[in-house]
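As the structure lists them, so they are numbered: ligands from 1, and atoms in each ligand from 1. Remember, predicted model here, so these are calculated numbers, not experimental data.
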Amino acid sequence: MIKFDEFGPEKIFEVYNPRANMHGFVVIDNLNLGVSKGGIRMTPTVSIEEVSKLARTMTWKNAMADIPFGGAKAGIIADDRQISKEKKKELIETFAKAIKPICPSLYIAGPDMNTSEIEMGWFAKANGNKKSCTGKPKEMGGLPHELGSTGFGVHHAVLIAAKYKKIDIKNSSFVVEGFGNVGWFVCKYLTMKGAKLVGVSDSKGSIYNKDGINFERLCNIKDHTGSVINYDDAEKHSSSDIIKLKADILVTAAIPDLIKADDVNNINAKIIVEGSNIPMTPDIEEALYRKNILVVPDFIANAGGVISSYVETINGTPEKMFKIVEQKIAKNVDLVLINSLKKKIKPRDAALEIAQSRVRKACKI
Ligand code: NAD
């Protein structure tokens, strides 16, 4: 069931092309702050309900990031692993043409699950307007997510959170769940700042060395063997054990629901920064808050990707993008943590208050 409330969803579009057997939708949650923005996911099970929840998260994420976008999300029903590249291209192209009446006037697309810069290139060409999506290849004036904007932003969220916990980043240790696009860049930038990487995981397992893991050697091993667990000089653990490893900072950067209610007493970190989406429920965040563990919520910490999308719409360079991601993430995380302290509420509640008040204020204007 789709839930409607004072914020939206404002518009729901469902499109079907019988010739291509393309079935997709766009949910525009809220347009108060500007044209709506959110990625297109392609999965066999994607539904209007799922997309409408994700569109709401985009409303808060864009408002919190302080960029002139409303919230939206799109879906195309297809099994990415079962179809050929040609079929995928046809689905993306027919979808781009079908939603042309609203794109980019009301909705700007972007990459999400199973869509990346290649698909965004196909989308923009079929739509006929480069402004119809972001995350396009460089040659088309795009700023692909592969530049690492999200991980770069997550590392800035860590730096601000560390200040609040009075942790000197140069004397700190950190572990990262996931070594993909987000996790890899978090490891790179935090290591550059002098923090010690002591643990990392991927789908095959976790590794831990309290004396530190060499980032470059780790990258080499991951590239050549396919997994971080083949790093020689470290203890081996299961993937899910990453949350129990001893470190000042835990960054999540892979799966949803990583931290379960039973894990609350087993967490060693003083700070958790949510690079991944929904790594735990708000109830678990509340329990951690009561244990004085600082959790920086996903929709603030991992907004680097959507901030990069905004910079792409104003034709910014990668240099400009990194600068704006840094400024916005640092300022917004700071604002949320000040409010959380002042009001004695957990950071997610403080962030939601700010995002909602920005959306309401824009409505009045
Ligand atoms: P990715 O596919 O590049 O990397 C995912 C990594 O997680 C891989 O290293 C994979 O081996 C690992 N992994 C899979 N199962 C695991 C498990 N059980 N335990 C530990 N590691 C596991 O994905 P990504 O782009 O880095 O995204 C990671 C998370 O961040 C997702 O939740 C995504 O929604 C979120 N996110 C990504 C972006 C972005 O710009 N890439 C933006 C916002 C949010």
Side-chain angles (χ1 to χ4, degrees), residues 37-43 46 50 53-54 57-58 60-62 64-65 67 71 73 80-81 110-117 119-120 134-135 142-157 175-189 199-208 218-219 221-223 225-231 236-245 250-260 263 272-280 296-312 321-322 325 329:
K37 182 85 189 78
I40 308 171
R41 63 175 45 187
M42 182 183 277
T43 65
V46 68
E50 176 187 335
K53 282 188 201 143
L54 295 162
T57 305
M58 289 308 297
W60 304 146
K61 189 184 246 190
N62 294 339
M64 194 60 240
I67 48 180
K73 204 79 173 186
D80 178 63
R81 286 164 305 179
D112 195 75
M113 217 177 260
N114 296 323
T115 60
S116 64
E117 64 171 288
E119 287 77 16
M120 292 308 110
T134 60
L143 291 172
H145 282 194
E146 287 68 15
L147 285 173
S149 51
T150 303
F152 179 73
V154 171
H155 116 276
H156 277 291
V175 294
V176 178
E177 176 237 15
F179 201 58
N181 180 281
V182 178
W184 191 91
F185 281 103
V186 170
C187 290
K188 172 182 158 170
Y189 289 117
V200 64
S201 68
D202 62 20
S203 57
K204 307 260 168 52
S206 306
I207 54 166
Y208 182 74
L218 178 67
C219 294
I221 287 167
K222 173 85 178 171
D223 283 351
T225 70
S227 175
V228 297
I229 56 163
N230 298 314
Y231 187 87
K236 312 275 183 287
H237 296 266
S238 70
S239 296
S240 56
D241 274 353
I242 190 80
I243 60 172
K244 300 176 189 159
L245 302 177
L250 161 65
V251 177
T252 70
I255 59 165
D257 293 316
L258 169 74
I259 301 175
K260 314 272 192 303
D263 297 323
I272 302 177
V273 176
E274 299 181 348
S276 54
N277 289 320
I278 333 176
M280 65 186 103
V296 183
D298 46 10
F299 75 99
I300 320 166
N302 71 26
V306 81
I307 297 171
S308 166
S309 300
Y310 161 65
V311 179
E312 185 173 332
M321 178 274 284
F322 283 118
V325 169
I329 297 273

**Item:** Nearest-neighbour protein heavy atom for atom 40 (O) of ligand 1, which is reported as residue plus atom name and distance
**Value:** Thr150 OG1, 2.7 Å
**Item:** Ser116 versus Glu119, side-chain donor and acceptor atoms under 3.5 Å
**Value:** yes
**Prompt:** Any idea which protein heavy atom is nearest atom 3 (O) of ligand 1, and the distance to it?
**Reply:** Asn181 N, 2.9 Å
**Request:** Please identify which atoms of ligand 1 are closer than 4.0 Å to at least one heavy atom of His145.
**Result:** 40 (O)
**Message:** Measuring only between side-chain heavy atoms, which start at C-beta, is Lys236 closer than 4.5 Å to Ile207?
**Reply:** yes
**Prompt:** Where is the nearest protein heavy atom to atom 36 (N) of ligand 1: which residue, which atom, and how far?
**Reply:** Gly275 O, 4.0 Å
**Request:** Indicate whether the side chain of Lys260 and that of Ser240 have a donor and an acceptor atom separated by less than 3.5 Å.
**Result:** no
**Under 3.5 Å donor-acceptor, Glu274 side chain and Asn302 backbone** = no
**Asked** Can you tell me if Thr115 uses its side chain to pair, donor with acceptor, with the backbone of Ile40 under 3.5 Å?
**Response** yes
**Request:** Please write down residue, atom name and distance for the protein heavy atom closest to atom 6 (C) of ligand 1.
**Result:** Gly180 N, 3.7 Å
**Asked** Cut-off 3.5 Å, side chains only: do Asp202 and Ser227 have a donor facing an acceptor?
**Response** yes
**Prompt:** Which part of Ile255 is near ligand 1, with near meaning a heavy atom under 4.0 Å away: side chain, backbone, both or neither?
**Reply:** side chain
**Prompt:** Any N or O on Asn277 sitting closer than 3.5 Å to an N or O of ligand 1?
**Reply:** yes
**Asked** Using a distance-only test with no angle check, is there a side-chain donor-acceptor pair under 3.5 angstrom linking Thr252 and Ser276?
**Response** yes
**Prompt:** Does Phe179, backbone or side chain, put an N or O under 3.5 Å from an N or O of ligand 1?
**Reply:** yes
**Asked** Which residue from Ser308, Gly151, Ala253 reaches closest to atom 28 (C) of ligand 1 through any of its heavy atoms?
**Response** Ala253
Using residues 178-189 as the side-chain source, report each donor-acceptor pair under 3.5 Å to any protein atom, sequence neighbours left out, with the distance given to one decimal.
residue	atom	partner	partner atom	Å
Asn181	ND2	His145	O	3.4

**Message:** In this structure, does ligand 1 have an atom that sits under 4.0 Å from one of the heavy atoms of Gly305?
**Reply:** no
**Message:** Starting from atom 10 (C) of ligand 1, what is the nearest protein heavy atom, named by residue and atom, and what distance separates them?
**Reply:** Ser203 N, 4.3 Å
**Request:** Identify, with sequence neighbours excluded, every residue that meets ring pair (Phe, Tyr, Trp, His ring centres under 6.0 Å) alongside His156.
**Result:** Phe152
**Asked** Tell me: protein heavy atom nearest atom 27 (O) of ligand 1, and distance?
**Response** Val182 CG2, 3.8 Å
**Message:** Test your reading of the structure: does Asn302 have an N or O sitting under 3.5 Å from an N or O of ligand 1?
**Reply:** no
**Asked** Just distances here: any N/O of Ala254 and N/O of ligand 1 closer than 3.5 Å?
**Response** yes
